[in-house]
Protein chains: 2
Amino acid sequence: MRGPVIEKSALANEPLPQYQRLKVHIARQIEAGRLKPGQRIPSEQELVREFSVSRMTVSRALNDLEQDGAITRIQGVGSFVSTGKAESALLEIRDIAKEIADRGQTHSSRPLHIAEERGSSINALLGLDADAACYHTVLLHLADGQPVQVEDRWVNPRFAPKYIAQDFNRTTPHRYLMSLAPLQAAEHVFEADLPTPEVAGWLGIPKNTPCTILRRRTWSLNLVASVATLVTASHRSRYAGIFGSLPPLAKALPRL
Amino acid sequence: MRGPVIEKSALANEPLPQYQRLKVHIARQIEAGRLKPGQRIPSEQELVREFSVSRMTVSRALNDLEQDGAITRIQGVGSFVSTGKAESALLEIRDIAKEIADRGQTHSSRPLHIAEERGSSINALLGLDADAACYHTVLLHLADGQPVQVEDRWVNPRFAPKYIAQDFNRTTPHRYLMSLAPLQAAEHVFEADLPTPEVAGWLGIPKNTPCTILRRRTWSLNLVASVATLVTASHRSRYAGIFGSLPPLAKALPRL
DNA sequence: TGACTAGACTTGTCTAGACAAGTAGTTTTG
DNA sequence: CAAAACTACTTGTCTAGACAAGTCTAGTCA
C-alpha cells in the first residue's frame with residue numbers, strides 16, 4: 001500500500017511492515033489529540049479502503065493496539081480510543097503532568113541535572129557502545145508546588161538527538177519523547193525501599209518513608225528510547241497493569 | 001477442527017474459539033512440564049496438520065502465547081518455550097514455591113486462615129453476588145524457615161469448587177489454581193507501604209520496614225479465578241514486567 | 001406508542017494460499 | 001579443508017474471501 005507516512009525521527013526511514021505502520025499512524029493520531037478518548041476510530045472496512053490493505057492487516061494492527069491498551073474493540077459496535085482510565089500497563093506509562101492534572105492539581109518540574117555524559121554505566125542498558133555519549137536528566141516533579149517524584153532518566157541520542165535542548169520547565173521528558181514516536185514496548189521493575197537522604201531531601205519527606213522505585217526502559221522504532229528510575233513516596237503512587245486478554249466481563253466488575 | 005480437548009474444570013465446557021483452544025492446549029503442556037523451558041514446540045506446519053486448522057489460526061495462537069511471554073518465536077528457527085527468566089508480566093506470576101526454589105532455598109507455607117465466607121466485601125471484585133460464598137485463605141510463605149511473604153487470597157468457588165479442601169502445607173494456592181486452567185489474564189496494582197503490626201509480626205520484620213503490596217486479580221476460562229494481596233518485605237521482592245512488543249535487539253541487551 | 005423485525009453495519013474467527021525473510025544443514029567447488 | 005551455493009525447513013507478512021456473532025437503526029404493525 002501507499003500507506004501512512006510516518007513522520008521523521010531518528011531512524012524513522014527504516015521500513016516497517018504495513019500492520020506496524022498502521023499501528024504507528026493511529027497511535028500518533030491518538031497521541032496528537034486528533035483522535036480523542038472515547039472517540040470511535042474508523043471501522044476496519046473504512047481503514048481497508050483508506051489504506052488499500054487487507055482486512056486481516058487492519059485487524060492485526062487494531063488487535064495489537066487493543067493489546068497495548070490504546071483502543072478498545074467491541075464486537076458489532078466498533079473500535080474506540082481508550083478513555084483516561086488505564087486499561088493496559090503500556091498506556092499506564094502516562095505523562096506525570098497529565099496524572100497530576102487528572103487529580104485536579106498543577107504540575108511543575110524543577111530540573112536538578114541536565115548533561116550529556118560519555119561512557120555512562122547505563123550505556124549497556126540503552127544499547128549503546130560503552131564509551132558513547134548519552135543524555136542524563138534528573139527532574140523533581142511537583143504538584144501544586146509540592147514535590148511528588150524524582151525522575152532520573154537517561155536518553156538515547158540516536159532516538160532523540162535534540163533531547164538535551166528541550167526546556168524541561170515547559171515540557172516533560174515523557175511528552176517530548178512521545179512526540180517523536182509512540183511507545184512500542186516498555187520493561188519495568190517495581191521495588192519498594194526507603195529513599196536515599198538526598199532523594200528524601202528533594203521530596204521533602206521523612207527519611208523512613210517507604211517509596212516506590214520504578215525502573216523502566218522504553219522502546220520506540222526498535223530502539224531503546226530511555227531508561228528511567230522514578231522514586232515516589234508511597235502515599236502518592238500506585239501502579240496498575242493488565243496482562244493477557246481480559247474477557248468482556250472484566251469491564252463490568254469494579255477495578256482492583 | 002476436532003481440536004485439542006481441554007481438560008475439565010468448572011465451566012470448561014464453554015466453547016472457545018479454535019485459536020484459544022490451541023493456546024490453552026499448549027499452555028497446559030508447558031504448565032504440566034510436558035514442554036520444558038528451552039524446548040522447541042511443534043512448528044506451525046506440524047500444528048496445522050496435527051489439529052487440522054489453518055496456519056493463520058496457529059499463528060494467532062502462537063503470537064498470543066509469545067505476547068503472554070510463554071514462548072519465544074524466532075523467524076527461520078522456530079518457537080521455543082520461554083526459559084525460567086521472565087520475559088513477560090503474565091509469566092511473572094509464578095508460583096512462590098518455584099521462586100524460592102530458584103534461589104536455592106526450600107519453600108514452606110503456614111496456613112493462618114482457611115474459611116468459606118459468605119457476603120464478603122471482595123465478592124464484587126470476584127464477580128460474585130453480594131451474598132454469595134467465596135473462599136478466603138491467609139498463608140505465610142517461608143524460605144528455609146524464614147518468613148518472606150504474607151498471601152491474603154479470595155477464590156471464586158465457581159472456578160475452583162474444591163479449593164477449600166486442598167492441603168496448603170503441601171501445595172500452594174497458585175499451583176492448585178493453575179492446575180485447573182492456565183492464566184488468561186491478570187490485573188495487578190503495585191504499591192509500597194509499611195506493614196500492619198500484625199503482618200510485621202508474621203513476617204518477623206521491624207514495623208518500619210518498607211514492603212511491596214501487590215494486589216492481583218487473575219482470570220481463567222473467562223472467570224475471575226482469585227483476588228490476592230501479597231505483602232513482601234522490600235529486600236525480598238522485585239517485580240518485573242514487559243509490555244508491548246520488544247524488538248529482537250532487546251534479547252541482546254542486559255536486563256533492566 | 002411500544003414491540004418486533006429486517007437490514008446494514010460492526011468486529012470475531014477461520015480458511016487457503018502466496019511470497020518474503022531468516023536459519024541451519026548439506027553438498028559442491030576450489 | 002574451507003568457502004560458497006543450494007536445499008529444506010522455519011517464522012513473518014499479506015491478500016482475499018467466507019461465515020458467525022453482535023449491535024444499532026429504521027420501518028412496520030398492532
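We name chains A, B, ... by the order of the sequence lines, and we start the count at 1 in each one. Predicted model only: the values in this text are computed from it and were never measured. The basis for the numbers below is simple: all heavy atoms, side chains too, and nothing from hydrogens, waters or symmetry mates.
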**Asked** CZ of A:Arg40 versus C1' of C:dT11: gap in Å, rounded?
**Response** 11 Å
**Request:** Could you pull out all residues at least two apart from A:Gln29 that satisfy side chain to side chain contact (heavy atoms under 4.5 Å, CB included)?
**Result:** A:His25, A:Arg34, A:Leu35
**Item:** With sequence neighbours excluded, residues passing side-chain hydrogen bond (donor to acceptor under 3.5 Å, both in side chains) with A:Ser120
**Value:** none
**Atom-to-atom span, CZ of B:Phe80 to C1' of D:dC9 - whole angstrom** = 12 Å
**Nucleotide D:dC14, atom P - distance to CG of B:Asn63 in whole Å** = 12 Å
**Prompt:** What residues, two or more places apart in sequence or in another chain, satisfy side-chain hydrogen bond (donor to acceptor under 3.5 Å, both in side chains) together with B:Ser220?
**Reply:** none
**side chain to side chain contact (heavy atoms under 4.5 Å, CB included) against B:Glu44, all qualifying residues, sequence neighbours excluded** = B:Arg55, B:Val58, B:Ser59, B:Leu62, B:Arg73
Identify each atom pair where a protein N or O and an N or O of nucleotides 3-8 of chain D are less than 3.5 Å apart, giving names and distance.
none

**Prompt:** How close do B:Ala160 and B:Tyr176 get, heavy atom to heavy atom, and via which atoms?
**Reply:** CB-CE2, 4.3 Å
**Asked** Under 3.5 Å, side chain of B:Arg28 to main-chain N/O of B:Leu180, donor-acceptor pair present?
**Response** yes
**Asked** What integer distance in Å separates B:Gln45:CD from D:dG12:P?
**Response** 14 Å
**Asked** With respect to the phosphate group of C:dT15, does any side-chain polar atom (N or O) of B:Gln18 fall under 4.0 Å of OP1 or OP2?
**Response** yes
Side-chain atoms of residues 123-132 of chain A: list all donor-acceptor pairs with protein atoms under 3.5 Å, sequence neighbours left out, distances to 0.1 Å.
residue  : atom : partner  : partner atom : Å
A:Asn123 : ND2  : A:Asp129 : O            : 3.0
A:Asn123 : ND2  : A:Ala130 : O            : 3.2
A:Asn123 : ND2  : A:Ala132 : O            : 2.9

**Prompt:** With sequence neighbours left out, what residues match B:Arg60 under side-chain hydrogen bond (donor to acceptor under 3.5 Å, both in side chains)?
**Reply:** B:Tyr19
**Message:** Rounded to whole Å, how long is the line connecting atom CG of A:Leu47 with atom P of C:dT11?
**Reply:** 8 Å
**Request:** Say whether, by atom type as modelled, one donor and one acceptor occur between the side chain of A:Asp152 and the main chain of A:Thr229 under 3.5 angstrom.
**Result:** no
**C:dT13 OP1/OP2 closer than 4.0 Å to side-chain N/O of B:Thr57** = no
**Fill in**
Applying side-chain hydrogen bond (donor to acceptor under 3.5 Å, both in side chains) to A:Tyr163 and not counting sequence neighbours gives A:Thr137
**Message:** Within the 4.0 Å limit for protein heavy atoms, which parts of nucleotides 16-23 of chain D are touched? Write it as a string from 5' to 3', B for base, S for sugar-phosphate only, - for none.
**Reply:** BBB--BBS
**Item:** Between C:dG12 (P) and B:Arg60 (CZ): distance, integer Å
**Value:** 8 Å
**Message:** Expressed as a whole number of angstroms, how long is the span from B:Asp64:CG to D:dT11:P?
**Reply:** 16 Å
**Prompt:** What residues form a salt bridge (Lys or Arg N to Asp or Glu O under 4.0 Å) with B:Arg40, not counting sequence neighbours?
**Reply:** B:Glu46
**Request:** Check whether any side-chain N or O of A:Ser59 sits under 4.0 Å from OP1 or OP2 of C:dT13, and answer yes or no.
**Result:** no
**Request:** For B:Glu44 and C:dA21, give me the distance from atom CD to atom C1', rounded to whole Å.
**Result:** 14 Å
**Item:** Bend angle of the helix from C:dT1-D:dA30 to C:dG30-D:dC1, from helix axes over five pairs at each end, nearest 10°
**Value:** 0°
